[in-house]
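Worksheet: one structure, shown below.
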Amino acid sequence: MGLKDKKDKKDKKEKNDKSEKQDKKEKIAKREKKEKTEKTEKKGLETDETTSKSTTTEANGISETRIKSLKKSNKEKYGDSKKRPLEENMEEVVAIEAKKSKKSIQTTVTASAADADIDKFLTDSAITISDPLESGLKPILSFEELNIDDRVLGFLKKYPKPTPIQSASWPFLLASRDLIGVAETGSGKTMAFAVPAVAYLLSAVGTKKKPKAASNVSVLIVSPTRELAIQIHENLNDLSKVVNFKSICVYGGVSKDDQKRDLIGANVIVATPGRLIDLVNDGAIDLGKITYLVLDEADRMLEKGFEEDIKRIMQSTDAAKRKTVMFTATWPPSVRDLAFQFLNNPVKVMIGDRESELKANNRIEQIVEVIDPRQKEQRLLQLLRQYHSGANRNDKILIFALYKKEAARVERFLQSKGYKIAAIHGDLSQAQRTNALEQFKSGAVKLLLATDVAARGLDIPAVTLVINLTFPLTAEDYVHRIGRTGRAGQSGKAITFFTEHEKHLSGALINVLRSADQPVPEELLKFGGHTKKKEHSVYGAFYKDVDPNQKAKKIVFD
Ligand SMILES: Nc1ncnc2c1ncn2[C@@H]1O[C@H](COP(=O)(O)OP(=O)(O)OP(=O)(O)O)[C@@H](O)[C@H]1O
């Protein structure tokens with residue numbers, strides 16, 4: 001090889017080396033760029049996350065095809081074992097969805113509890129979670145697992161830990177899922193939907209100063225009665241205030257103008273259906289921006305009587321924007337089809353051994369007395385002598401009648417016997433109703449006589465005894481009525497008069513008693529296990545059964 005050849009070979013080698021180096025350099029630069037992009041995307045996604053278990057999803061946005069393909073790859077990985085369904089891939093779903101939807105809630109949960117502890121908690125609290133999307137989200141066991149504003153966490157510190165319905169539903173609600181939550185009376189369902197409501201607001205509006213417009217409302221809670229709407233509003237307002245949001249309450253029987261003025265700057269509306277529709281028709285409220293809608297006492301809201309109102313309310317909202325959430329202590333099959341018309345792939349969270357579906361809080365001692373209808377008032381007097389005297393003098397007792405006229409009559413009867421008693425029913429003005437409830441809540445009056453307007457949701461401190469003077473129209477209403485005692489882990493007692501007029505409900509009552517391990521009196525068994533199916537459209541027929549001396553009349557709760 002000559003000198004020239006050698007030089008040519010050297011030049012060629014140098015050229016090759018150079019281009020290899022260049023290739024390598026380009027490859028490294030490319031890889032670095034890719035890694036950087038991935039990192040940035042992940043960072044953006046994890047703004048409020050602290051561990052890899054945190055997830056943020058916009059369930060409605062997750063494409064069915066994507067979910068299917070993730071399920072398939074999970075199956076390939078794990079076979080048929082249901083170990084961690086979707087969870088491993090959930091971050092991928094999250095990444096896709098976070099990119100697709102900027103509106104999903106950024107506040108999520110950081111599940112820090114060990115799987116074994118979570119499994120034990122699920123079993124001990126008898127929690128059943130049915131998730132059609134199999135997201136694999138698990139309950140949280142402490143407030144600290146919520147990645148939420150510190151001020152909200154501070155507010156929750158008044159409670160020792162989340163109740164089971166809160167533990168199990170928060171991860172789903174904070175991941176923007178539609179949900180049905182069924183849990184016993186007095187188990188903290190209000191906070192179960194209120195905390196995510198505030199998370200939605202923080203996510204949608206942020207903590208910046210808000211414009212004082214009437215169009216800011218993005219959270220709507222609908223309640224069947226005025227008193228319950230007021231109570232939910234008080235709870236939500238206390239919570240909203242800590243993060244500078246405003247909750248207002250709209251309900252019938254009071255001035256519309258005041259409520260219209262109150263709307264300015266409101267973020268949350270708690271409403272009864274009639275007045276809400278009225279204000280929407282007046283153009284005072286625009287429901288188009290509602291992103292989080294709650295039906296409290298959902299089964300009641302979906303029954304005939306409210307059904308048309310609820311349909312109208314739903315139609316006034318934007319279904320694509322709206323997350324829909326339903327909470328209740330009773331979930332009869334009759335309302336489920338309608339519920340599913342408004343829900344999108346809802347998660348169902350049920351607390352308690354619910355084989356029988358209709359279940360009373362089992363910390364309530366239930367006593368049923370089968371008696372002659374004519375003896376009811378005398379027996380009531382005996383009970384008051386026993387439970388409203390001596391050391392028990394200051395105990396709060398709630399007495400339920402079925403009809404407004406009956407309530408008014410018994411109120412007069414008890415007053416004539418020297419008892420100080422407040423009353424709440426539909427024949428009274430709203431001011432009288434509110435005043436009666438406040439007196440009873442504060443303990444200024446120890447006896448309250450009420451119709452079913454007070455059966456659902458009301459959280460009255462320390463009611464020790466519920467007396468059912470006349471059995472309600474349905475076993476569900478019975479479960480709600482007696483649920484005014486034994487709340488938030490306390491125990492309570494309910495005494496129920498049962499007469500031959502209600503024998504069509506004996507079977508349903510026997511089931512409720514048995515499922516809560518309560519004694520079933522022989523006299524009740526004599527009526528048999530027969531249960532007549534209840535239909536609200538035929539209130540009149542029931543009325544005839546119960547009291548043949550009066551004309552049929554539809555009961556109006558609001
Ligand atoms: N984590 C918690 N720990 C202890 N108490 C709580 C907790 N969360 C809520 N509570 C309290 O429990 C009580 C009952 O709560 P709430 O009224 O929400 O019950 P509910 O499940 O909605 O009942 P109902 O079915 O009768 O409407 C309230 O006084 C509330 O302040």
Side-chain angles (χ1 to χ4, degrees), residues 121 125 127 139-146 148 152-170 173 179-198 221-225 227-239 270 294-301 325-332 349-352 354 358-364 396 398 400 437 441-442 450 452-463 466 472 476-492 494 512 557:
F121 172 72
S125 309
I127 300 176
I140 55 158
L141 304 189
S142 67
F143 292 124
E144 287 68 29
E145 291 171 62
L146 286 172
I148 202 163
V152 176
L153 271 186
F155 179 90
L156 293 171
K157 285 284 159 59
K158 63 181 173 183
Y159 304 122
K161 59 177 183 337
T163 63
I165 186 70
Q166 294 164 356
S167 293
S169 56
W170 279 339
L173 293 174
L179 183 140
I180 302 165
V182 187
E184 67 183 18
T185 50
S187 61
K189 293 189 286 292
T190 313
M191 278 300 142
F193 62 72
V195 170
V198 171
I221 323 275
V222 189
S223 140
T225 64
E227 285 73 15
L228 181 56
I230 294 168
Q231 178 185 296
I232 297 169
H233 156 70
E234 284 168 357
N235 278 297
L236 251 158
N237 204 36
D238 287 349
L239 177 60
V270 185
V294 181
L295 293 188
D296 193 20
E297 307 299 339
D299 56 332
R300 176 83 190 94
M301 307 291 346
V325 174
M326 302 187 181
F327 276 95
T328 180
T330 50
W331 193 234
V349 176
M350 289 196 101
I351 315 290
R354 292 197 160 262
L358 180 58
K359 201 156 184 330
N361 170 342
N362 56 15
R363 285 182 313 281
I364 303 167
K396 280 194 220 166
L398 177 50
F400 279 105
L437 190 57
K441 273 190 170 180
S442 71
D452 282 288
V453 76
R456 283 176 175 256
L458 295 186
D459 188 48
I460 303 161
V463 173
V466 170
E476 279 83 9
D477 290 342
Y478 168 76
V479 167
H480 286 279
R481 278 185 182 184
I482 66 169
R484 295 319 98 208
T485 182
R487 301 178 70 74
Q490 304 291 307
S491 55
V512 172
F557 288 91

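As the structure lists them, so they are numbered: ligands from 1, and atoms in each ligand from 1. All values below were derived from every heavy atom in this structure, side-chain atoms included, with hydrogens, water molecules and symmetry-related copies excluded. Worth saying up front: this structure is predicted, and the values here are computed from it rather than measured.
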inquiry  = Applying ring pair (Phe, Tyr, Trp, His ring centres under 6.0 Å), can you list everything that pairs with Phe327, at least two apart in sequence or on another chain?
reply    =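 For Phe327 the ring pair (Phe, Tyr, Trp, His ring centres under 6.0 Å) partners, ignoring immediate neighbours, are Phe193.
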message = Under 4.0 Å, heavy-atom basis, I'd like to know which part of His480 is in contact with ligand 1: side chain, backbone, both or neither.
response =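 Answer for His480: neither.
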Arg456, portion touching ligand 1 at heavy-atom distance under 4.0 Å =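 Within the 4.0 Å criterion, Arg456 makes no contact with ligand 1.
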When you measure from [atom] to every protein heavy atom, which one gives the shortest distance, and what is it?
atom	answer
atom 29 (O) of ligand 1	Asp459 OD2, 2.5 Å
atom 12 (O) of ligand 1	Ala488 CB, 3.4 Å
atom 1 (N) of ligand 1	Lys161 O, 2.8 Å
atom 25 (O) of ligand 1	Lys189 NZ, 2.7 Å
atom 17 (O) of ligand 1	Arg487 NH2, 3.0 Å
atom 18 (O) of ligand 1	Thr190 OG1, 2.7 Å
atom 8 (N) of ligand 1	Gln166 NE2, 2.9 Å

Number the atoms of ligand 1 from 1 as they appear, then name those within less than 4.0 Å of a heavy atom of [X], with their elements.
X	value
Arg484	26 (O)
Ser187	19 (O), 20 (P), 21 (O)
Glu184	21 (O)
Glu297	27 (O)

inquiry  = Between Arg487 and Asp459, does any side-chain N to carboxylate O distance fall below 4.0 Å?
reply    =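 Yes, Arg487 and Asp459 are salt-bridged.
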Residues Lys161, Glu144: salt bridge by 4.0 Å N-O rule =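 No, Lys161 and Glu144 are not salt-bridged.
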Side chain proximity check, [X] to [Y], heavy atoms < 4.5 angstrom:
X	Y	answer
Thr485	Leu398	no
Ile460	Leu437	yes
Phe143	Phe155	no
Ile221	His233	no

query = Between Leu179 and Ser169, what is the shortest heavy-atom contact and its length?
reply =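 Leu179 and Ser169 have their closest heavy atoms at CD1-CB, 3.8 Å.
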key: Distance-only donor-acceptor check, side chains Asp299 and Thr328, under 3.5 Å   =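 Result is yes, a qualifying pair exists.
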message = For the CG atom of Leu156 and the OG atom of Ser142, what is their distance to the nearest 0.5 Å?
response =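 The OG atom of Ser142 is 11.0 Å from CG of Leu156, to the nearest 0.5 Å.
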request  = Could you grab the distance from atom CD1 of Ile230 to atom CG of Leu458, nearest 0.5 Å is fine?
outcome  =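 The distance works out to 9.5 Å.
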query = With respect to atom 24 (P) of ligand 1, which of Ala194, Pro164, Gly186 exhibits the smallest heavy-atom separation?
reply =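 Nearest option to atom 24 (P) of ligand 1, by heavy atoms: Gly186.
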query = To which of Phe143, Tyr159, Phe193, Phe327 does the heavy atom nearest atom 4 (C) of ligand 1 belong?
reply =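 Selected option, by shortest heavy-atom distance: Tyr159.
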query = Considering distance alone, does some N or O of Gly188 sit under 3.5 Å from an N or O of ligand 1?
reply =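 The answer is yes, given that Gly188 and ligand 1 share an N or O pair closer than 3.5 Å.
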query = Any heavy atom of Ala183 sitting closer than 4.0 Å to ligand 1?
reply =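 Checking ligand 1 against Ala183, which is what was asked, there is no heavy-atom contact under 4.0 Å.
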